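As the structure is a computational prediction, the values presented were derived from the model and not from experiment.
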Amino acid sequence: MPDYTLTIEVRAHPGGVTVIALAGELDYHTAPRLRRTVERTPGELPLVLDLARLRFCDSIGVAELLSVLGRTRRLGTSVALVGTTAEVGRLLAITGIDGLLPTYGTVDGAADALRPGG
């Protein structure tokens, strides 16, 4: 049986954002866990998705990233990505998602950019 593992860590960043770090695979089997996690975060705070340890993402994972974007827009806040691997970055580029979700080199850089007035 395949190992559909996704580890999700949530933490508050002193820059006023919620950081969600993903490790493993974001796919059909694991995407609902990300959705539930995002739904439990404070809606008024921007989100930073740290993908540095995400080794795989399929079309359902991409759809979930778009869902996160939609949620933040509806709530009047924003989302950014950090640490996209070459493989995940290529998928985001092919699908055009890289033009919708800003990517930063570090969590601190993303937090500074997402901070109101940043």
Side-chain angles (χ1 to χ4, degrees):
M1 181 169 194
D3 180 22
Y4 303 109
T5 303
L6 179 67
T7 302
I8 302 174
E9 297 174 6
V10 180
R11 68 183 185 277
H13 185 276
V17 302
T18 300
V19 178
I20 300 176
L22 306 177
E25 301 180 2
L26 182 58
D27 58 21
Y28 172 80
H29 299 280
T30 61
R33 291 189 49 229
L34 175 58
R35 178 172 298 228
R36 288 189 301 271
T37 299
V38 169
E39 288 171 351
R40 289 191 300 260
T41 63
E44 69 278 4
L45 295 179
L47 293 177
V48 174
L49 300 180
D50 184 347
L51 309 182
R53 295 179 21 217
L54 187 67
R55 67 177 180 265
F56 177 79
C57 182
D58 70 3
S59 60
I60 301 299
V62 169
E64 195 57 44
L65 294 176
L66 288 174
S67 176
V68 172
L69 174 63
R71 177 184 187 266
T72 57
R73 285 183 173 174
R74 281 190 309 278
L75 295 173
T77 187
S78 54
V79 60
L81 306 179
V82 169
T84 54
T85 63
E87 295 81 14
V88 172
R90 188 169 36 258
L91 175 64
L92 298 178
I94 289 169
T95 58
I97 305 304
D98 62 338
L100 299 173
L101 292 167
T103 302
Y104 297 90
T106 65
V107 170
D108 289 340
D112 287 346
L114 296 180
R115 185 177 58 241

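A 4.5 Å side-chain heavy-atom check between Leu49 and Val79 finds at least one atom pair inside the cut-off. Ile20 is not listed as a side-chain neighbour of Val48, based on a closest heavy-atom distance of 4.5 Å or more. Within the 4.5 Å cutoff, the side chain of Val62 has heavy atoms near those of the Cys57 side chain. No side-chain heavy atom of Leu91 sits less than 4.5 Å from a side-chain heavy atom of Val88. Thr5 is not listed as a side-chain neighbour of Glu25, based on a closest heavy-atom distance of 4.5 Å or more. Counting heavy atoms from C-beta outward, Asp50 and Leu22 have side chains that stay 4.5 Å or more apart. Between Leu81 and Tyr104, every side-chain heavy-atom pair lies at or beyond the 4.5 Å cut-off. By the 4.5 Å heavy-atom criterion applied to side chains, Leu47 and Thr41 are counted as neighbours.
Separation of atoms CD1 (Ile97) and OG1 (Thr95) is listed at 4.0 Å; rounding is to 0.5 Å. A distance of 7.0 Å separates CG in Leu34 from CG in Leu65, rounded to the nearest 0.5 Å. If you take OG1 on Thr85 and CZ on Arg90, they are separated by 8.5 Å, rounding to the nearest 0.5 Å. Rounding to the nearest 0.5 Å places OG1 of Thr84 at 6.5 Å from CG of Leu51. Within the model, atoms CG of Leu92 and OG1 of Thr103 stand 7.0 Å from one another, a figure rounded to the nearest 0.5 Å. To the nearest 0.5 Å, atoms OG (Ser67) and CZ (Arg35) are separated by 3.5 Å.
Residues Gly16 and Pro46 share a closest heavy-atom pair of O-CD, 3.5 Å. Residue Ala21 comes nearest to Arg11 through the heavy atom pair CB-NH1, 4.2 Å, listed as atom of the first residue, atom of the second, then distance. Taking all atoms of both residues into account, the shortest heavy-atom contact from Gly43 to Thr77 is O-CG2, 3.6 Å.
No chain of hydrophobic side-chain contacts below 4.5 Å, direct or via other Ile, Leu, Val, Met, Phe, Trp or Tyr residues, connects Ile60 to Leu54. The hydrophobic cluster containing Leu26 also contains Leu100, counting ILVMFWY residues as joined when their side-chain heavy atoms lie under 4.5 angstrom apart, directly or transitively.
Between the side chain of Arg73 and the backbone N or O of Leu69 there is no donor-acceptor pair closer than 3.5 Å. Here the side chain of Arg33 pairs a donor or acceptor atom with the backbone of Leu6 at under 3.5 angstrom.
The pair Glu87-Arg55 does not meet the salt-bridge criterion, since no charged nitrogen lies less than 4.0 angstrom from a carboxylate oxygen.
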Residues Thr30, Asp27; criterion side-chain contact (heavy atoms from CB on, under 4.5 Å); working and verdict: CA-CA 5 Å; Thr30 61; Asp27 58 21; 3.2 Å; yes
For Leu66 and Val68, run side-chain contact (heavy atoms from CB on, under 4.5 Å): C-alpha distance rounded to whole Å, both residues' side-chain angles, the deciding distance at 0.1 Å, then the answer. CA-CA 5 Å; Leu66 288 174; Val68 172; over 6 Å; no
Can Thr18 and Val10 be said to form a side-chain contact (heavy atoms from CB on, under 4.5 Å), step by step? CA-CA 7 Å; Thr18 300; Val10 180; 3.7 Å; yes
Show the numbers, then the answer: is there a side-chain contact (heavy atoms from CB on, under 4.5 Å) between Arg115 and Asp112? CA-CA 5 Å; Arg115 185 177 58 241; Asp112 287 346; 3.1 Å; yes
